[in-house]
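Heads up: the structure comes next, in structure tokens.
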Number of protein chains: 4
Amino acid sequence: MILTLDFKSDTPIYVQLRNAIVVAIGKGELQDGERLPTIRQLAQELGVNVMTVNKAYAILKNEGFLSIDRRHGAAVTRPDGGDAVYKEKLERELTLVISEAALKGIGRQEFQSLCSGIFAALAAGPQTLTE
Amino acid sequence: MILTLDFKSDTPIYVQLRNAIVVAIGKGELQDGERLPTIRQLAQELGVNVMTVNKAYAILKNEGFLSIDRRHGAAVTRPDGGDAVYKEKLERELTLVISEAALKGIGRQEFQSLCSGIFAALAAGPQTLTE
Amino acid sequence: MILTLDFKSDTPIYVQLRNAIVVAIGKGELQDGERLPTIRQLAQELGVNVMTVNKAYAILKNEGFLSIDRRHGAAVTRPDGGDAVYKEKLERELTLVISEAALKGIGRQEFQSLCSGIFAALAAGPQTLTE
Amino acid sequence: MILTLDFKSDTPIYVQLRNAIVVAIGKGELQDGERLPTIRQLAQELGVNVMTVNKAYAILKNEGFLSIDRRHGAAVTRPDGGDAVYKEKLERELTLVISEAALKGIGRQEFQSLCSGIFAALAAGPQTLTE
DNA sequence: GTGGTCTAGACCACA
DNA sequence: GTGGTCTAGACCACG
């Protein structure tokens, strides 16, 4: 698993980590049920403190993206279907993103095709790599 | 101009402010060329520190949404057309948002129609200015 | 005996096990004097470490819910009547639960009827043994 | 505010802290809107690390029992009405508590009156102390 | 060997 | 001056 962090960024490392993992799952680089590296492994690999990885994992667990098994560490999970709270958050986020895009001269057409492209890329991801 | 801030939120106030203004411009509540309140005015109106508003304005200026004239204060501007830097940022953001949405069970169809709805709402905005 | 464990939960497995057995006794699914599976049997059946079952049994014995005879294995026992220590613990627990419930908007009425329902369900339990 | 921690207990300090605060709010010792001590203050007062208090506060914030304002620290809040998830959790907890109590020889009558007593005690708490 | 918890001390972003 | 973040290193509970 390749995760790049930007230590100079002002978004906290654990957030970057959380985001990167979500995207990796979305892309299919991390399959459902697949195990993630140990907190300590990942921490060392990234040159980051254990607590930082811990926090990222805890958030992902809380959001339903992964489950932590005392015996075997963390594994990818499918979260529950979209709850109302999430949809609200999504709409708020999109309103901002779209406002910005529109002002930057990106029309509805272009925006939609951009989204389509991303959806396609995700769907085409490394599906069940070896099977 | 009505801007609502959530002091209990964990997104910094100056970011909330910056976002709210971008959305307001997107919706047409703030027209191109329109003047914004003085930093001090807005700060007082919102019950916020002057530094906070200052920071938000500075970011907006930097992003091309605002032009600041020492004589006339701040005014809304159309930013330059989508530069490469911005497009990259947009794509990164959308990849995250879409990954999350897809995992939460929101399909391409639903997502696209949600976007369409927001585009429509923005387009319908300017009329509401004077009511 | 059907016991379901949640390996993803953050309450330790031996605690889950102990709780499940207490509830099973409460419901009458396990009758007074009834023998429980061997530690090894149960461990294998649940796919769990022997130590884990051992720990759960030890706690239950300590609490008076189980008596362990080296020759016949473990058997269900009625614990001694409410000792002062237990009542204190109960009151502490209930104070927390009720505080939480009250703050979450669950009134005394609702709470009491919820308790009544559970008492009724427990009382109705023993019959279901053989079905 | 008087909070007693048991450092020898095996329930984590931050959980004990969280529980104690919930009870304090339930009892009315902490009123709605009232400010809590700074993380650092409380940490020093309790002889505990800052991170520990931080974690307790974060959980309480997450549960809706308090809100954290970047400018003024933490303050007590009323959580949203009982959601379905919470009610399920409550029922599970109560089933365990009641099973235990019943086996310990505490009948429905006694249990209910115990609950009533606690409800009454909470309601009678230091209501608006000085007003 | 895994994650969970805790510590002491530090720096930074925010207001 | 507030909380947020991060670190390095430690001990413990769990299985």
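Computed from a predicted model, the values in this text were never measured in an experiment. To find a chain, count down the sequence lines: A is the first, B the second, and so on, and within it residues start at 1.
Distance A/Arg35 CZ to E/dG1 C1': 11 Å, rounded to the nearest Å. Taking atom CD1 of residue A/Ile39 and atom P of nucleotide F/dC14, one finds them 17 Å apart after rounding to whole Å. E/dT2 atom P lies 14 Å from atom CG of A/Leu36, rounded to whole Å. The distance between atom CZ of C/Arg18 and atom C1' of F/dC14, rounded to the nearest whole Å, is 18 Å. What separates OH of A/Tyr57 from P of E/dG4 is a distance of 11 Å, to the nearest Å. The interatomic distance linking D/Gln16 (CD) with E/dC6 (P) rounds to 8 Å, in whole Å. Nucleotide F/dT5 holds its P atom 16 Å from the CZ atom of A/Phe7, rounded to whole Å. In this structure, the CG atom of A/Asn62 is 12 Å from the P atom of E/dG4, given to the nearest Å.
Within the model, atoms OG1 of A/Thr11 and CG of A/Asp6 stand 7.0 Å from one another, a figure rounded to the nearest 0.5 Å. Rounded to the nearest 0.5 Å, atoms CD (A/Gln44) and CG (A/Leu46) are 10.0 Å apart.
For D/Met51, whose side chain is taken as the heavy atoms from C-beta onward, the closest listed nucleotide among E/dC14, E/dA8, E/dC6 is E/dA8. Of the candidate nucleotides E/dT5, E/dG3, F/dG15, E/dT5 has the atom nearest to the side chain of D/Tyr14. For D/Ile68, the listed nucleotide lying nearest its side chain is F/dG3; candidates were E/dT2, E/dC14, F/dG3.
In this structure, E/dT7 forms a base pair with F/dA8, meeting either the Watson-Crick or the G-U wobble geometry with both donor-acceptor distances under 3.5 Å. Look at E/dC14: its Watson-Crick or wobble partner, with both distances under 3.5 angstrom, is F/dG1.
If you find the closest nucleotide of DNA chain F to A/Pro12 and to D/Gln41, the one lying nearer the 5' end belongs to D/Gln41. When each of A/Arg70 and A/Thr11 is assigned the nucleotide of DNA chain F with its nearest heavy atom, A/Thr11 is the one assigned upstream, toward the 5' end. Mapping A/His72 and B/Val15 onto DNA chain E by nearest heavy atom places A/His72 closer to the 5' end of the strand.
When heavy atoms are screened at a 4.0 angstrom cut-off, D/Val50 is found touching no nucleic acid atom at all. Contact annotation for A/Val48: backbone-only contact, meaning every heavy-atom pair under 4.0 Å involves sugar-phosphate atoms and none involves a base. Across all strands shown, B/Asp10 has no heavy atoms under 4.0 Å from either base or sugar-phosphate atoms.
Side-chain N/O atoms of D/Arg40 and base N/O atoms of E/dG9 include no donor-acceptor pair closer than 3.5 Å.
Listed pair A/Asn54 / E/dG4 meets the phosphate criterion, a side-chain N or O lying under 4.0 Å from OP1 or OP2. Between F/dC14 and C/Lys55, a contact under 4.0 Å exists linking OP1 or OP2 to a side-chain N or O. Contact check, D/Thr52 against E/dT7: a side-chain N or O comes under 4.0 Å of OP1 or OP2. One finds no side-chain N or O of A/Arg71 lying less than 4.0 angstrom from the OP1 or OP2 phosphate oxygen of F/dG15.
Looking at D/Tyr86, its side chain does come within 3.5 Å of a backbone N or O of C/Ala101 through a donor-acceptor pair.
Each of C/Ile25, C/Val23, C/Leu30 was checked for a side chain to side chain contact (heavy atoms under 4.5 Å, CB included) with C/Lys27, and the lone residue meeting it is C/Val23.
Counted within 6.0 Å of CZ on C/Arg40, heavy atoms from surrounding residues, nucleotides or ligands total 12 or fewer; the atom is thus considered open.
Contact detail for B/Pro79 and B/Phe65: the closest heavy-atom pair is CG-CE2, 3.7 Å.
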